[in-house]
Amino acid sequence: MASAPTRSEVLSLFRSLMRTARDFTDYNIREYTKRRTVDAFRHNRQLSDPTEVAAAFADGKSQLGVAKRQAIVYSLYAPTIKSVMEI
């Protein structure tokens with residue numbers, strides 16, 4: 001049985017996801033990652049069952065790992081020209 005994460009652990013995960021979003025060089029991917037993070041946390045705000053909270057937290061941790069790997073891959077193949085949104 002998994003224990004529910006504390007508030008500080010959840011906030012730490014949120015901050016880590018937002019920091020990882022900053023690592024994306026492409027504007028569209030960076031903004032999508034931020035928006036997806038905020039939307040997922042808002043959606044899961046209503047969870048009260050400790051097992052559901054623990055499952056959502058575990059999913060968030062796995063998404064953090066995916067985002068970190070993708071940020072590295074995207075940085076290797078970053079476009080040299082900035083997007084119109086970044087100018």
Side-chain angles (χ1 to χ4, degrees):
M1 184 165 118
S3 63
T6 63
R7 178 179 170 84
S8 63
E9 289 174 325
V10 172
L11 291 174
S12 175
L13 176 61
F14 179 79
R15 285 190 301 270
S16 295
L17 283 163
M18 294 302 278
R19 266 189 241 111
T20 301
R22 285 189 307 207
D23 293 341
F24 286 100
T25 55
D26 185 76
Y27 172 82
N28 291 321
I29 297 169
R30 184 171 55 243
E31 291 303 312
Y32 170 78
T33 306
K34 289 179 189 176
R35 187 175 61 247
R36 178 69 181 96
T37 299
V38 171
D39 289 346
F41 273 80
R42 283 185 182 153
H43 179 263
N44 291 330
R45 177 185 283 178
Q46 306 302 329
L47 295 178
S48 59
D49 182 31
T51 56
E52 290 179 355
V53 172
F57 185 75
D59 183 50
K61 293 287 267 190
S62 68
Q63 291 298 319
L64 176 62
V66 169
K68 284 183 177 182
R69 286 192 301 275
Q70 287 298 326
I72 292 169
V73 170
Y74 275 96
S75 70
L76 295 174
Y77 301 103
T80 56
I81 301 171
K82 287 192 173 191
S83 169
V84 173
M85 299 300 289
E86 296 176 307
I87 294 178

Residue set satisfying side chain to side chain contact (heavy atoms under 4.5 Å, CB included) with Asn28, at least two apart, ordered chain then number -> Asp26

Interatomic distance, CD@Gln63 vs OG1@Thr33, rounded to 0.5 Å, equals 10.0 Å

On a heavy-atom basis, the closest approach of Asp23 and Ala71 is CB-CB, 3.9 Å

Next item on the list: Take Leu64 and Leu13, measure what side-chain contact (heavy atoms from CB on, under 4.5 Å) needs, and give me the verdict at the end.
Entry: CA-CA 8 Å; Leu64 176 62; Leu13 176 61; 4.0 Å; yes

Quick note, salt bridge (charged side-chain N to carboxylate O under 4.0 Å, His left out) partners involving residues 47-73, not counting sequence neighbours, are none

Contacts satisfying ring pair (Phe, Tyr, Trp, His ring centres under 6.0 Å) that involve residues 48-71 (not counting sequence neighbours) are none

Members sharing Val53's hydrophobic cluster, built from side-chain contacts under 4.5 Å between Ile, Leu, Val, Met, Phe, Trp and Tyr, are Leu47

Measure the shortest side-chain to side-chain distance between Val38 and Lys34 over non-hydrogen atoms and say whether it is less than 4.5 angstrom. no

Side chain to side chain contact (heavy atoms under 4.5 Å, CB included) filter on Val73, not counting sequence neighbours, yields Tyr77

In short, ring pair (Phe, Tyr, Trp, His ring centres under 6.0 Å) pairs touching residues 21-49 with sequence neighbours left out are Phe14-Phe41, Phe24-Tyr74

Query raised in the report: Is a side-chain N or O of Thr20 found less than 3.5 angstrom from the main chain of Ser16, in a donor-acceptor match?
Result: yes

Rounded to the nearest 0.5 angstrom, the OG-CD distance for Ser75 and Gln70 is 10.5 Å

